[in-house]
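Quick notes on the structure that follows.
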Amino acid sequence: MQRTKEEPGMKVGHFSESYRPCVDGVATFIQDFVPQLDSLGFRGLVYTSTPGRKENNVRRIRSLPFPFYSNYWVSYFWIRQYARLAREDEIQLVHIHTPFMAGVGGILASKEMSIPVLGTFHSNFTNMARAMGSTPYIYFVSDLFNRFGVGVYNRCQLVTAPTESEREFLVRSGLKTPVEIVPPGVRLSQLVSEKGRIDFRSRLKIPDHAKIILYLGRLTVDKGVYLLLDSFKGLVSRSNVYLIYAGLGPELKALRKEASRSKWARRVMVLGYVKENHKASLISQADVVVLPSRGDTFGLSLAEGMALERVVVASNRGGLRDWVKDGFNGLVFDYGKKGDLLKKIEYALSTDLSDMTKKASSWALNTIDISATAKRFAEIYQRLIHES
């Protein structure tokens with residue numbers, strides 16, 4: 001379906017529990033993604049349970065806090081509001097980003113309006129939950145969440161997954177809907193243009209000759225924040241190495257407390273939230289960007305590190321293993337092998353890997369920039385509308 005200049009842009013409804021002011025990968029993606037789609041002729045409207053300031057293209061549905069994970073809100077009893085608002089806005093396509101109450105609301109809107117619905121799999125909640133322990137209760141809850149999510153995605157015409165590993169996970173979990181691989185996309189070109197605004201080394205009193213290891217993202221157990229802290233202990237003898245955590249999450253206070261207990265506390269800094277327009281400066285002044293997660297479907301901070309020519313270190317778990325290739329665009333450690341993360345960090349700090357980081361930057365900017373992802377989704381939208 002080819003749009004002419006006289007035709008209005010297609011209205012696409014994005015349904016998600018996660019949106020600003022919440023800070024996570026899904027919220028960041030939607031915030032960057034919608035303006036890109038607008039530039040391609042698609043008007044994006046966001047339907048979310050996250051409370052926040054009023055915005056012209058955002059519909060905030062009544063909600064209550066989610067008890068198991070801080071900073072998230074769920075519309076337990078107000079699901080039909082999603083469909084009502086979508087009808088009033090006369091959207092033409094539903095795009096689900098979280099398969100919970102917002103996802104159910106999107107399905108209701110799709111059914112009542114007889115319009116197509118696309119689902120995107122952003123988060124592997126099973127891996128996230130099981131990284132926190134292996135008790136029967138955790139297994140029960142994670143499986144329950146997974147079955148519910150797959151049930152929502154099975155009511156979509158099409159589902160997109162960020163990597164092949166996550167597509168296989170969905171199929172094993174019972175997904176019958178066709179799945180296409182579409183990387184989530186990151187605003188990498190803009191990020192590169194923003195570096196150099198803030199001198200974090202001076203602000204944090206880190207010597208110019210010192211090495212910086214950076215973790216950037218939500219502070220949660222499943223993302224390996226304590227595994228990284230334990231690995232840093234092996235670098236205590238190297239007085240010129242600092243570890244920085246940047247981000248929010250349920251482990252913020254506990255991580256600060258744990259870091260402050262040791263004799264090397266002055267070299268571990270838990271910054272909390274870093275403004276989006278300061279992020280490029282922080283990444284570009286780090287030497288190594290680490291994501292020791294066992295549950296991430298993609299890992300946006302690694303893409304950002306690559307774009308800014310930093311050495312990135314990723315685990316061989318989740319979706320990370322599908323696109324971070326050891327020696328090509330980063331370093332990969334074996335999550336199940338004790339001491340392997342430390343070994344990779346030491347290698348990154350002591351080896352000239354500039355050829356690898358330059359190639360990784362070029363690859364990331366050409367492959368997973370948000371503009372390329374938006375074009376891919378625009379094609380999918382047109383196809384679904386044409387087929388409906």
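Reckoned from all heavy atoms, side chains included, excluding hydrogens, waters and symmetry mates. Position 1 is the first residue of the sequence, and the numbers go up from there.
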Distance only, no hydrogens: is a donor on one side chain within 3.5 Å (strictly under) of an acceptor on the other, for H95 and T120?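 A donor-acceptor contact under 3.5 Å links the two side chains.
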Applying salt bridge (charged side-chain N to carboxylate O under 4.0 Å, His left out), can you list everything that pairs with [X], at least two apart in sequence or on another chain?
X    : answer
E88  : R84
D326 : K344
R20  : E55

Residue pairs passing the salt bridge (charged side-chain N to carboxylate O under 4.0 Å, His left out) test where at least one lies in [range], sequence neighbours excluded:
range            : answer
residues 102-118 : R80-E112, R87-E112
residues 332-342 : none
residues 23-41   : D32-R187

E164 and R167 ion-paired at < 4.0 Å: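 Result for this pair is yes, salt bridge flagged.
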Donor-acceptor list for residues 362-369 side chains, cut-off 3.5 Å, not counting sequence neighbours:
{"residue": "N366", "atom": "ND2", "partner": "S362", "partner atom": "O", "Å": "3.0"}
{"residue": "T367", "atom": "OG1", "partner": "W363", "partner atom": "O", "Å": "2.7"}
{"residue": "D369", "atom": "OD1", "partner": "L188", "partner atom": "N", "Å": "3.0"}
{"residue": "D369", "atom": "OD1", "partner": "S189", "partner atom": "N", "Å": "2.9"}
{"residue": "D369", "atom": "OD1", "partner": "S189", "partner atom": "OG", "Å": "3.2"}
{"residue": "D369", "atom": "OD2", "partner": "S371", "partner atom": "N", "Å": "3.2"}
{"residue": "D369", "atom": "OD2", "partner": "S371", "partner atom": "OG", "Å": "2.8"}

Not counting sequence neighbours, which residues clear side chain to side chain donor-acceptor pair (under 3.5 Å) with [X]? List them please.
X    : value
S260 : none
K279 : E276, E304
S293 : D296
R59  : D89

Please set out all donor-acceptor pairs under 3.5 angstrom arising from side-chain atoms of residues 243-253, sequence neighbours excluded.
{"residue": "Y245", "atom": "OH", "partner": "V225", "partner atom": "O", "Å": "2.6"}
{"residue": "Y245", "atom": "OH", "partner": "L229", "partner atom": "N", "Å": "3.2"}
{"residue": "E251", "atom": "OE1", "partner": "Y226", "partner atom": "OH", "Å": "2.6"}

Among I96, V58, I91, which residue satisfies the side chain to side chain contact (heavy atoms under 4.5 Å, CB included) criterion with Y47?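 Passing option: I91.
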